[in-house]
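This report refers to the structure that appears directly beneath it.
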Amino acid sequence: HRYSLFERDVQLEVDKLINRLVVELGTGGNYRVQVGSPADSWYISCRDFVEQQYEEEKKIKVKVQGVTKIHNRLLRNRFEETLQSL
């Protein structure tokens, strides 16, 4: 029984990874997903921001269990072009 639960969890992770790769390939690399860890500075700031917002606005204590960063090259290029035109 324990093995079947483990096998199911592994299969779910594999499916998630395959879906991410399909999206990245389908966009020609314009869209990329990066799973964060507490060692990443952006992970900690995002986690703290979300937890603080829920606590302040909704009066709910939440614990963020993971942060994923989405890289969108098209939006980044547009942002940089706008910034340079200012």
Side-chain angles (χ1 to χ4, degrees):
H1 179 69
R2 227 184 237 172
Y3 179 76
S4 64
L5 291 176
F6 174 74
E7 189 176 42
R8 186 199 67 198
D9 290 346
V10 168
Q11 188 60 50
L12 288 172
E13 288 300 316
V14 167
D15 291 344
K16 279 194 248 179
L17 181 57
I18 289 171
N19 287 335
R20 282 189 196 140
L21 291 172
V22 167
V23 169
E24 288 181 27
L25 288 170
T27 63
N30 288 316
Y31 174 91
R32 189 169 53 88
V33 175
Q34 179 182 356
V35 177
S37 75
D40 300 314
S41 60
W42 55 267
Y43 177 99
I44 294 167
S45 62
C46 288
R47 181 200 63 202
D48 292 348
F49 175 76
V50 170
E51 288 176 353
Q52 181 182 8
Q53 289 299 307
Y54 270 89
E55 195 166 329
E56 288 178 1
E57 293 181 16
K58 306 230 191 274
K59 308 295 185 221
I60 298 172
K61 182 92 170 154
V62 297
K63 180 172 173 44
V64 174
Q65 297 193 1
V67 178
T68 301
K69 185 176 186 178
I70 300 172
H71 300 268
N72 186 321
R73 191 180 336 170
L74 297 176
L75 287 178
R76 178 148 185 109
N77 289 344
R78 189 182 319 161
F79 170 78
E80 290 175 359
E81 289 170 3
T82 303
L83 192 60
Q84 288 176 354
S85 70
L86 297 177

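Because only heavy atoms are used, hydrogens play no part in the values below, and waters and symmetry mates are left out as well, while side chains stay in.
Ion pairing between Glu81 and Arg78 fails under the 4.0 Å rule for side-chain N and carboxylate O.
Put simply, the side chain of Lys59 gets close to the backbone of Glu56: a donor and an acceptor are under 3.5 Å apart. With hydrogens and angles disregarded, no donor-acceptor distance shorter than 3.5 Å links the side chain of Asp40 to the backbone of Tyr43. The main-chain N or O of Leu74 is never found under 3.5 Å from a side-chain atom of Asn77 such that the two would form a donor-acceptor pair.
Residues Thr68 and Trp42 share a closest heavy-atom pair of C-CZ3, 4.4 Å. When every heavy atom of Arg47 is checked against every heavy atom of Val64, the shortest pair comes out as CG-CB, 3.6 Å. Across Pro38 and Ile44, no two heavy atoms sit closer than the pair O-CD1, 3.3 Å.
Listed by chain and number, the hydrophobic cluster partners of Leu17 are Leu21, where partners are ILVMFWY side chains within reach of under 4.5 Å, directly or through others.
Side-chain contact between Gln11 and Val14: present, with at least one pair of heavy atoms (C-beta onward) separated by less than 4.5 Å. Contact annotation: the side chain of Asp9 never approaches that of Glu13 to less than 4.5 Å [non-hydrogen atoms, C-beta and beyond].
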Would you list the atom pairs, donor with acceptor, under 3.5 Å between side chains in residues 25-36 and any protein atom, with sequence neighbours excluded?
| unit_1 | atom_1 | unit_2 | atom_2 | d |
| --- | --- | --- | --- | --- |
| Thr27 | OG1 | Val23 | O | 3.3 |
| Thr27 | OG1 | Glu24 | O | 3.1 |
| Thr27 | OG1 | Tyr31 | N | 3.2 |
| Asn30 | ND2 | Thr27 | O | 3.0 |
| Gln34 | OE1 | His71 | NE2 | 2.8 |

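To the nearest 0.5 Å, atom CZ of residue Arg76 and atom CG of residue Leu83 are 10.0 Å apart.
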